[in-house]
Amino acid sequence: MPMHVPVLLSEAVRYLITDPAGVYVDATLGGGGHAVAVLEQVEGEGRVIGMDCDPEAVERARRAPPALAPRFTAVRARFSEMEAALTALECSAVDGILADLGLSSIQLDEPSRGLSYDREGPLDMRLDPSRPETADALLARSDEATIAHWLSTYGELPRARAAARAIRRQREAHGALTSRLLRDAIEPLYRGPTRSRRLAQAFQALRVAVNDELGELRSLLDTAARVVRPGGTLVVIAYHSLEDRMVKHAFRPPRPLDAWVEPDPSLWVPLTPKPVRPGAEEIEENPRAGSARLRAARRAADVPPTPNREEA
Ligand SMILES: C[S@@+](CC[C@H](N)C(=O)[O-])C[C@H]1O[C@@H](n2cnc3c(N)ncnc32)[C@H](O)[C@@H]1O
């Protein structure tokens, strides 16, 4: 049975729940670990709306134990579709949103998704299979400079240009790429103890590009600014520095000259002056937690809701 061990579980739930009778969104259901822990804390009128862009995660959550079912709704939605999904549920404001970014171990370990350099499979990499383009298709139409930009920006991969060249050559030689062919293309560039890390960085970079993960995070931060009630919380667990920087920036305490910057920096009151990191014990039990950084913020009570960008 594939498993995902939830990261920073008690910390996430503690920051998220301000009112046990509130409405909470778990924006990244994954294996359902966080959602179940939140459900265990809500009572009375409280409910949990679970979302994920991956229909398999939503299906899994719908099969959750019946005891949890009355307070739980699972919906397939990307962050950029969250507001529409909430509207469809006639829910215009929520007490908290939790987003545990990236991918689950279940997705990573599934060879047919091509997300792991350790598993042989087609180079798909979509977390949401309704996205039009797989990683292989994206690489097929992208030039070396663009691929190098992704590798260096989204993966912070050294020697990104050389890696991009190797990927282009591999595609020209083999046609459609698999995860094994991608690994074979870049592995010779990175010898020594950092080799596994470099492979992980390269795979991460392409996954971020395929799934527009930074654009999606931007949508999440914008949507949260509109739908979280004053006094409610946004909790985000990030796994790489670009994401964490975006969250940190959105949660920054107000500075007088920032009034024109979007999102309104005075909207959130940070609850975590520094990101919360897993302890050594959690990392030992779950090495995938190693890079996790949790930030939480409370929606300020005296700020009017941010207008929808389209309406503004
Ligand atoms: C780290 S896992 C979440 C694990 C979950 N918290 C648990 O306890 O099992 C991240 C999940 O977020 C989903 N995801 C990633 N980007 C998304 C997006 N833009 N919109 C919705 N879900 C997304 C992935 O499909 C994956 O299932």
Side-chain angles (χ1 to χ4, degrees), residues 1-13 15-16 24-41 48-64 68 72 74-86 96-110 112-116 124-131 154 204 206-224 227 234-240 242-244 246-247 278 282 285-294 296:
M1 180 74 174
M3 270 287 293
H4 176 89
V5 181
V7 173
L8 291 167
L9 182 62
S10 58
E11 294 86 345
V13 175
Y15 281 114
L16 181 70
Y24 297 93
V25 175
D26 178 348
T28 51
L29 269 170
H34 283 108
V36 168
V38 177
L39 271 163
E40 283 168 354
Q41 298 294 316
V48 177
I49 301 167
M51 298 186 184
D52 202 292
C53 62
D54 181 349
E56 284 183 22
V58 175
E59 267 317 302
R60 220 174 12 246
R62 284 186 179 146
R63 297 193 298 266
L68 298 174
F72 180 63
V75 183
R76 199 217 65 85
R78 292 182 199 166
F79 300 154
S80 50
E81 298 164 332
M82 178 189 289
E83 206 164 2
L86 287 173
I97 298 178
L98 167 66
D100 177 21
L101 303 175
L103 76 172
S104 68
S105 306
I106 304 165
Q107 292 164 322
L108 184 69
D109 292 343
E110 171 52 54
S112 67
R113 291 189 175 256
L115 288 159
S116 167
D124 186 315
M125 289 192 167
R126 291 172 299 175
L127 301 179
D128 172 359
S130 71
R131 277 193 176 276
Y154 301 160
Q204 170 191 294
L206 297 179
R207 192 199 80 221
V208 168
V210 169
N211 294 286
D212 183 24
E213 292 186 22
L214 300 183
E216 283 289 317
L217 178 54
R218 178 80 270 142
S219 288
L220 174 79
L221 295 169
D222 287 352
T223 299
V227 303
L234 172 61
V235 181
V236 184
I237 306 175
Y239 294 86
H240 58 85
L242 275 180
E243 286 175 343
D244 184 54
M246 283 174 69
V247 179
E282 177 168 358
E285 276 170 24
N286 179 18
R288 286 176 183 175
S291 54
R293 277 163 276 193
L294 178 152

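In listed order, ligands and their atoms are each counted from 1.
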Evaluate the criterion salt bridge (charged side-chain N to carboxylate O under 4.0 Å, His left out) for residue pair R78 and D212; output intermediate values, then yes/no.
CA-CA 11 Å; R78 292 182 199 166; D212 183 24; over 6 Å; no
Could you go through R76 and E59, starting from their C-alpha distance and side-chain angles, then the distance that decides it, and tell me whether this counts as side chain to side chain contact (heavy atoms under 4.5 Å, CB included)?
CA-CA 9 Å; R76 199 217 65 85; E59 267 317 302; over 6 Å; no
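For ligand 1, the protein residues within 4.0 angstrom (heavy atoms only) are H4, P6, A27, T28, L29, G30, G31, G32, G33, H34, D52, C53, D54, A77, R78, F79, D100, L101, G102, L103, S104, Q107, L127, E216.
One distance of note links OG1 of T28 with CG of L220; it measures 9.0 Å at 0.5 Å rounding. To the nearest 0.5 angstrom, L115 atom CG is 7.5 Å from D124 atom CG. Between M125 atom CE and L103 atom CG the span is 9.5 Å, to the nearest 0.5 Å.
In this structure, E282 contributes its side chain and V7 its backbone to no donor-acceptor pair below 3.5 Å.
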